[in-house]
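Below: one structure, written as structure tokens.
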Amino acid sequence: MESKLGTIAAIATSLHNSSIGIIRVSGGEAVSIVDRIFVNKRYIHILKDMKSHTIHYGYIVENGHEIIDEVMVSYMKAPKSFTAEDTVEINCHGGVLVMQRILELVIKNGARLAEPGEFTKRAFLNGRIDLSKAEAVMDIISSKNKLALQSSVKQLQGAVYDKITDIRKIMIHEIAFIESALDDPEHISLDGYSNLLGEKVDGLLKEIKRLLNTTENGKIIKEGIRAVIVGKPNAGKSTLLNVLSGEERAIVTTIPGTTRDILEEDVYLDGINLHIIDTAGIRQTTDIVEKIGVEKAIKYASEADLIIYVVDSSICLDENDVQIMKMIKDKKCIILFNKSDLENQVSINELKNKTGHDHKIIKISAKDHTGIDQFKEIVKSMFFKGDISFNDELMITNMRHKSLLEEVEESLDQVKRSLDLNMPEDFYTIDLMNAYRSLGKIVGEEVEEDLVNEIFSKFCMGK
């Protein structure tokens, strides 16, 4: 896998007016390119004489004299830079126009515009980071909460790489031993080896299963819980959204059908992102706009990680509730017995009998904020194994990694089956090698160029 040749450049900060902007340049010609447009206060080109990891004050100039901006330029000599190439960063004022002018000058003098993620891709291709660390870079940028950030930082520090490397060392040792014994049976005996290998494989399977068991929590920590609020019109759905979000996000009136479109809000439960979607009240209607809203509500509910069914306990259940109950069948759902401060026309026992969600029905008053804490505790218990907290345990948050670990588990299970059937030893090496290669794809040692390109194409420009 080779990146396009040449020196690359991009604006590394947000393309909005701000106090500071950074133009990053990386590659073999980075120093000479920037030296052509950077001068110190005496208008002398000094960049080629700069020591590595120093920063200097001066100006970016065009045509040798026209000042574009007052800047600070830093230089990091290969291989001690993010990309492991010569890298120059121009720290300028953060106006969009001035950043674009400086980038245009850099490109005019020999660099090319970097592709999304190309700086990190070069760091990977140049061996400075493995693929799991590269993916952690993007996860840090897109972290939605504190736990996701902490997990991504741990992976950037090499937690995934270290664990995968340790497991692969055990595998390759066993593969090499079997191959050596098959090549030289006179000097290396395989007598009794099946039992020893069985113990090793059991240990490896235990470790792989432990990692896979973290993926459910890991996915939720990284991506959050997609929760859709459903219920009849005027059941209190929008009031609930406002309570959870801590602000008046939705219009609340006594008129049924106020909410006709989708409202979305991110709220946090002990540092975990809960992406809440408030939908139109579900009922039979002839209003064209409201009908579209109801159809959207049904669609969003079908795709949700969690359905929050708000029941207005002050009115009797009807055919609209029957439709909702069909929607929540076989879905993770919490039923909120709302308006519990009013005279009830629905009983909790009636809801239990009709829905079967007896352990997930909570008596609340969204208006008075009662029952909300219990709701939050049930959400956590439904989605998380144990406490929602960050500790030293490695957590798998990347679904590509999960898929590959599942391949490893299957390959090791196949080794176990071969051992149970007393198959020839060369059968063991085939499946052990498959497991070894699947693990290698996680850290980028056995990965195809197309996959690498796909991964880095999802990065933001300048990173």
Side-chain angles (χ1 to χ4, degrees), residues 130-133 135-136 139 151-152 154-155 157-182 188-223 383-448 451:
D130 71 278
L131 195 55
S132 68
K133 289 181 183 178
E135 289 170 307
D139 288 344
S151 179
S152 299
K154 187 175 179 65
Q155 293 183 31
Q157 291 173 331
V160 172
Y161 177 82
D162 291 344
K163 176 59 67 177
I164 296 304
T165 300
D166 288 344
I167 296 173
R168 292 184 93 212
K169 284 178 181 177
I170 296 172
M171 289 180 177
I172 202 65
H173 175 81
E174 301 306 320
I175 293 168
F177 179 80
I178 295 171
E179 294 288 355
S180 298
L182 293 174
I188 304 175
S189 174
L190 288 172
D191 292 342
Y193 176 71
S194 295
N195 292 332
L196 293 172
L197 181 60
E199 293 175 2
K200 288 281 183 69
V201 172
D202 284 340
L204 292 171
L205 272 169
K206 182 179 179 180
E207 192 61 31
I208 296 301
K209 290 179 186 294
R210 188 190 67 77
L211 291 173
L212 283 171
N213 284 338
T214 70
T215 58
E216 184 175 344
N217 281 7
K219 180 177 185 293
I220 293 170
I221 284 175
K222 179 181 177 181
E223 300 178 6
F383 283 90
F384 291 91
K385 300 175 181 178
D387 293 333
I388 310 175
S389 60
F390 184 82
N391 51 44
D392 289 335
E393 179 187 16
L394 170 62
M395 191 171 291
I396 302 299
T397 59
N398 187 301
M399 293 302 104
R400 186 182 74 87
H401 298 174
K402 177 188 176 183
S403 177
L404 290 166
L405 287 170
E406 288 172 341
E407 290 181 12
V408 175
E409 183 181 32
E410 174 57 32
S411 295
L412 292 176
D413 282 336
Q414 186 58 50
V415 176
K416 289 283 293 180
R417 288 191 285 268
S418 297
L419 286 166
D420 292 340
L421 294 172
N422 293 315
M423 300 290 285
E425 285 80 1
D426 52 358
F427 278 76
Y428 311 155
T429 60
I430 293 172
D431 293 306
L432 281 172
M433 184 55 75
N434 286 338
Y436 180 82
R437 286 173 176 154
S438 294
L439 288 174
K441 291 179 182 179
I442 293 177
V443 295
E445 292 186 16
E446 301 277 351
V447 69
E448 298 82 7
L451 177 60

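Just so it is clear, the structure is predicted and the values come from calculations on it, not from any experiment. Basis for what follows: all heavy atoms, side chains included, without hydrogens, waters or symmetry-related copies.
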Quick one: [atom1] on [X] to [atom2] on [Y], what's the gap to the nearest 0.5 Å?
| X | Y | atom1 | atom2 | result |
| --- | --- | --- | --- | --- |
| L412 | I208 | CG | CD1 | 6.5 Å |
| T397 | K154 | OG1 | NZ | 12.5 Å |
| L211 | I396 | CG | CD1 | 5.0 Å |
| K441 | S403 | NZ | OG | 9.0 Å |
| L404 | E407 | CG | CD | 5.0 Å |
| E406 | S438 | CD | OG | 11.0 Å |

Derivation and outcome, side-chain contact (heavy atoms from CB on, under 4.5 Å), residues D202 and K206: CA-CA 6 Å; D202 284 340; K206 182 179 179 180; over 6 Å; no

Which atom names give the shortest non-hydrogen contact between [X] and [Y], and what distance separates them?
| X | Y | value |
| --- | --- | --- |
| T214 | M395 | O-CG, 3.6 Å |
| G158 | K133 | CA-CE, 3.5 Å |
| T215 | L212 | OG1-O, 2.6 Å |
| L205 | E409 | CD2-O, 3.8 Å |

Got a sec, which residues hit side chain to side chain donor-acceptor pair (under 3.5 Å) with [X], two or more places apart in sequence or on another chain?
| X | answer |
| --- | --- |
| N422 | none |
| R437 | none |
| K402 | none |
| S132 | D130 |

Expected list for residues 423-434: side-chain donor-acceptor pairs under 3.5 angstrom, two or more places apart:
from, atom 1, to, atom 2, distance (Å)
Y428, OH, M423, O, 3.0
T429, OG1, D426, O, 2.8
N434, ND2, I430, O, 3.4

For I442 and L405, what are the C-alpha separation, side-chain angles and deciding distance, and is it a side-chain contact (heavy atoms from CB on, under 4.5 Å)? CA-CA 9 Å; I442 293 177; L405 287 170; 4.1 Å; yes

For L394 and V160: C-alpha separation, side-chain torsions, deciding distance, then whether side-chain contact (heavy atoms from CB on, under 4.5 Å) applies. CA-CA 7 Å; L394 170 62; V160 172; 3.8 Å; yes

Run the side chain to side chain contact (heavy atoms under 4.5 Å, CB included) test against [X] and tell me which residues pass, sequence neighbours left out.
| X | result |
| --- | --- |
| A136 | Q155, L156 |
| A181 | I188, L190 |
| R168 | I164, Y436, L439, E445, E446 |

Side chain proximity check, I167 to V408, heavy atoms < 4.5 angstrom: no

Are any of the side-chain heavy atoms of F177 and L197 separated by less than 4.5 Å? no

What pairs with [X] under salt bridge (charged side-chain N to carboxylate O under 4.0 Å, His left out), at least two apart in sequence or on another chain?
| X | answer |
| --- | --- |
| K200 | E174 |
| R417 | E410 |
| K163 | E207 |
| D162 | none |

